[in-house]
Participant: 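Quick one: structure below, then a few questions.
For this chain, numbers begin at 1 and follow the sequence in order. Just so you know, these numbers come straight off a predicted model, no measurement behind them.
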Amino acid sequence: MTQADIKYGLAGVMTDDTAVSKVMPETNSLTYRGYAVEDLATQCRFEETAYLIWNGELPTASQLADFNAREVSLRGLTDDLIDVMRKFPKGAHPMATLRTAVSFLGLEDKEIEDHATDKLYDRALSLYAKIPQIVATDYRLRNGLEPIAPKADLPFSENFFHMCFGEVPAAETVKCFDTSMTLYAEHSFNASTFTARVVASSLSGIYSAVTGAIGSLKGPLHGGANEAVMYMLQEVGSAENAKAWMLDALATKKKIMGFGHRVYRSGDSRVPTMTDSFKAMVDIIGSDEAKMYWEMSRALDETMVSEKGIYPNLDFPAGPAYYLMGFEIPMFTPIFVMSRITGWTAHIMEQLGDNKLIRPLSNYTGPAQRDVTPIDKR
Ligand code: COA
């Protein structure tokens, strides 16, 4: 083995089969279980996509009603978990608190060692039902507000707004949010999903795998980019400054957040749909600030594509869209988790359905083998 044989960052390496989703860089497209993601995002609610990702088929109306009833029955956090969350350091990043809270859910699960596939599905649904309340509760506690309990008569996205703000916005805003949930749900062997599969492959359990995946997603080269995009837009400051800011950033070799992708090289099929949702939010809010972020993002996009031929990824429109929906910037990646929990757990089930421990090789570059000198002779 020489260094020339090594696939650094596992780039281009195919490591397993999957039936969950297909990323097609040659056409910049993505399908979940065979359906184009943009069709699912525009024609279905996120709950239908979640059902599809786990069950392989879109639900009928009665299957969806049963599925939603099950999700509603699994909502709710224990007082113990809420008490633990009250003690979290106030400055901790919400991805770190979410990682800890999900790990705590594992402590509360009495059947943690059970790896039966039907039990995994129950736990996946339970995480999908509970994570939004963890994200909303953490937001409220950090802001000195009392948590708001979930409401059984509200669907997934509406319930999340209710638990954050005590009210549900207009249907158009909920649709923009719900669209983002579908677009973020699944993306084959990205870093966090692969992390989940690696952890699951040692038979460590679903909570360990999801906790590891949350840690992976937190980084700015992965899910953390949607937050980093918004901080970047704030730094740019005005639409007029956007082109000059971008040219300067490129000249000084800065990584521009929300651009580029390991697999897609000439565009990301999720971007047009999310950009439409971002624009819809700009029109709904209608403020000068909202219009400014829209103009700014158009100018950054055009400059990056024309100067470097590097295209925006989903985080580029999602970050400012979430900002206009009223979410604090550090909540953006936890919101991504609310959606990606579906993809992660589908992959964990797939991995454990035909498991093989994931354990690659490494090319050793340290000292040659040598003798130990006793401590009194060193
Ligand atoms: N800003 C500036 N240059 C970028 C860039 C970006 N966002 N993304 C890629 N490039 C450049 C690299 O500097 C490199 O240039 P070089 O060949 O002159 O050194 C070239 O494009 C290849 O990039 P590389 O970092 O090798 O690609 P990768 O596949 O390892 O990285 C990402 C993919 C996503 C990690 C990378 O594009 C990135 O860091 N993007 C910003 C973070 C982000 O938005 N992440 C969310 C991903 S969905």
Participant: Kindly work out whether a path of hydrophobic side-chain contacts (I/L/V/M/F/W/Y, heavy atoms less than 4.5 Å apart) joins F46 to V168.
Facilitator: yes
Participant: Taking T179's backbone N and O only, do any of them form a donor-acceptor pair with T182's side chain (distance below 3.5 Å, no angle check)?
Facilitator: no
Participant: Among residues at least two apart in sequence or on other chains, which ones pass salt bridge (Lys or Arg N to Asp or Glu O under 4.0 Å) with D39?
Facilitator: none
Participant: Would you say Y184 and Y35 are hydrophobically clustered, going by side-chain heavy atoms of ILVMFWY under 4.5 Å?
Facilitator: yes
Participant: Give, for atom OG of S192 and atom NZ of K218, the distance between the pair rounded to the nearest 0.5 Å.
Facilitator: 13.5 Å
Participant: What pairs of donor and acceptor atoms, side-chain ones from residues 317-337 against any protein atom, are under 3.5 angstrom apart with sequence neighbours left out?
Facilitator:
from, atom 1, to, atom 2, distance (Å)
Y322, OH, S180, OG, 2.6
Y323, OH, E289, OE2, 2.9
E328, OE1, R142, NH1, 3.2
E328, OE2, N143, ND2, 3.1
T333, OG1, N226, OD1, 3.1
T333, OG1, E227, OE2, 2.5

Participant: Rounded to the nearest 0.5 Å, what separation is found between the CZ atom of R270 and the CG atom of N28?
Facilitator: 11.0 Å
Participant: Just distance, no hydrogens or angles: give the donor-acceptor pairs under 3.5 Å from side chains in residues 95-106, sequence neighbours left out.
Facilitator:
from, atom 1, to, atom 2, distance (Å)
T97, OG1, P94, O, 3.0
T97, OG1, D138, OD1, 3.2
T97, OG1, D138, OD2, 3.2
T100, OG1, A96, O, 2.9

Participant: At their closest point, which heavy atom of W54 faces which heavy atom of L125, and how far apart are they?
Facilitator: CZ3-CD2, 3.7 Å
Participant: Partners of R340 by side-chain hydrogen bond (donor to acceptor under 3.5 Å, both in side chains), sequence neighbours excluded?
Facilitator: N190
Participant: Check K279 with D283, please: is the shortest side-chain N to carboxylate O separation under 4.0 Å?
Facilitator: yes
Participant: Between Y128 and F67, what is the ring plane arrangement, given parallel below 30°, perpendicular above 60°, and tilted in between?
Facilitator: tilted
Participant: Looking at every heavy atom in both D301 and P312, which two are closest together, and how far apart are they?
Facilitator: OD2-CG, 3.6 Å
Participant: Please say whether more than 12 non-hydrogen atoms of neighbouring residues, nucleotides or ligands are located less than 6.0 Å from CZ in R370.
Facilitator: no
Participant: Do side-chain atoms of S201 reach the backbone of I358 as a donor and acceptor pair under 3.5 angstrom?
Facilitator: yes
Participant: Quick one, V20 and S188 - any side-chain contact, counting heavy atoms below 4.5 Å?
Facilitator: no
Participant: Quick check: does any side chain N or O of D109 sit under 3.5 Å from a backbone N or O of E111, one acting as donor and the other as acceptor?
Facilitator: yes
Participant: Can you name the nearest heavy-atom pair linking A136 to C164, along with the distance?
Facilitator: CB-SG, 3.7 Å
Participant: Do other residues, nucleotides or ligands put more than 12 heavy atoms under 6.0 Å from the CG atom of D371?
Facilitator: no
Participant: Should F177 and M181 count as side-chain neighbours, where that means a heavy-atom distance under 4.5 Å?
Facilitator: yes
Participant: Looking at R86, I'd like to know if its CZ atom is crowded, meaning that more than 12 non-hydrogen atoms belonging to other residues, nucleotides or ligands lie closer than 6.0 Å.
Facilitator: yes
Participant: Salt bridge check: are E295 and K291 linked by an N-O gap of less than 4.0 Å?
Facilitator: no
Participant: Answer yes or no: is there a side-chain heavy-atom contact under 4.5 Å between F88 and L141?
Facilitator: no
Participant: If you round to the nearest 0.5 Å, how far is NZ of K130 from CD of E71?
Facilitator: 9.5 Å
Participant: Please report the interatomic distance CG(L120) to OG(S126), rounded to the nearest 0.5 Å.
Facilitator: 12.5 Å
Participant: State plainly whether the residues D122 and K119 are in salt-bridge range, i.e. N to O under 4.0 Å.
Facilitator: no
Participant: Measure from the side-chain N and O atoms of R378 to the backbone N and O of T373, and report whether any donor-acceptor pair falls under 3.5 Å.
Facilitator: yes
Participant: Minimum heavy-atom separation for C44 and K175, please, with both atom names.
Facilitator: O-NZ, 3.7 Å
Participant: Please check if atom CG in D153 has more than 12 non-hydrogen atoms from other residues, nucleotides or ligands closer than 6.0 Å.
Facilitator: yes
Participant: Which pair of heavy atoms, one from A41 and one from L183, lies closest together, and at what distance?
Facilitator: CB-CD2, 3.7 Å
Participant: Looking at A129, is its backbone amide N or carbonyl O close enough to the side chain of R75 to form a donor-acceptor pair, meaning the two atoms are under 3.5 Å apart?
Facilitator: no
Participant: Would Y51 and L58 count as a side chain to side chain contact (heavy atoms under 4.5 Å, CB included) here? Give the steps.
Facilitator: CA-CA 7 Å; Y51 182 100; L58 282 166; over 6 Å; no
Participant: Any chance CG of N363 has more than 12 other-residue heavy atoms, nucleotides or ligands included, within less than 6.0 Å?
Facilitator: yes
Participant: Kindly compute the distance separating CG (L145) from CZ (F165), expressed to the nearest 0.5 Å.
Facilitator: 10.5 Å
Participant: Can I get a per-line list of side-chain donor-acceptor pairs under 3.5 Å for residues 242-261, giving both atom names and the distance, sequence neighbours left out?
Facilitator:
from, atom 1, to, atom 2, distance (Å)
W245, NE1, E235, OE2, 3.1
T252, OG1, D248, O, 2.9
T252, OG1, A249, O, 3.2
H261, ND1, V263, N, 3.0
H261, ND1, Y264, N, 3.3

Participant: Would you call R197-E350 a salt bridge at under 4.0 Å N-O?
Facilitator: yes
Participant: Following the transitive rule for hydrophobic clusters with a side-chain heavy-atom cut-off under 4.5 Å over Ile, Leu, Val, Met, Phe, Trp and Tyr, establish whether V72 and I341 coincide in one cluster.
Facilitator: no
Participant: Strictly under 6.0 Å, is that where the ring centroids of H347 and F189 end up?
Facilitator: yes
Participant: Rounded to the nearest 0.5 Å, what separation is found between the OG atom of S339 and the CZ atom of F156?
Facilitator: 7.5 Å
Participant: Taking atom NZ as the centre, does K90 end up with more than 12 heavy-atom neighbours from other residues, nucleotides or ligands that are less than 6.0 angstrom away?
Facilitator: yes
Participant: Of all the heavy-atom pairs spanning R33 and A19, show the shortest one and how long it is.
Facilitator: NH1-O, 3.2 Å
Participant: With clusters defined by side-chain heavy atoms of hydrophobic residues (ILVMFWY) lying less than 4.5 Å apart, directly or transitively, does W344 cluster with L352?
Facilitator: yes
Participant: Could you check if a side-chain atom of L300 sits within less than 4.5 angstrom of a side-chain atom of L233, using non-hydrogen atoms only?
Facilitator: yes
Participant: Just to verify, what does S277 make a side-chain hydrogen bond (donor to acceptor under 3.5 Å, both in side chains) with, not counting sequence neighbours?
Facilitator: none
Participant: Quick check: do E47 and P155 have side-chain heavy atoms less than 4.5 Å from each other?
Facilitator: yes
Participant: Any heavy-atom pair between the side chains of I82 and P147 that's under 4.5 Å?
Facilitator: yes
Participant: Same cluster for M292 and V282 if Ile/Leu/Val/Met/Phe/Trp/Tyr side chains link at under 4.5 Å?
Facilitator: yes
Participant: For D178, is there any backbone N or O sitting under 3.5 Å from a side-chain donor or acceptor partner on R45?
Facilitator: no
Participant: Which of these passes side-chain contact (heavy atoms from CB on, under 4.5 Å) with T273: T42, L40, L314, V37?
Facilitator: T42
Participant: Begin from the C-alpha positions of D268 and F316 and carry the test side chain to side chain contact (heavy atoms under 4.5 Å, CB included) through to its verdict.
Facilitator: CA-CA 11 Å; D268 171 338; F316 188 66; over 6 Å; no
Participant: Test F161 against L154 for side chain to side chain contact (heavy atoms under 4.5 Å, CB included), laying out the working first.
Facilitator: CA-CA 10 Å; F161 279 103; L154 290 178; over 6 Å; no
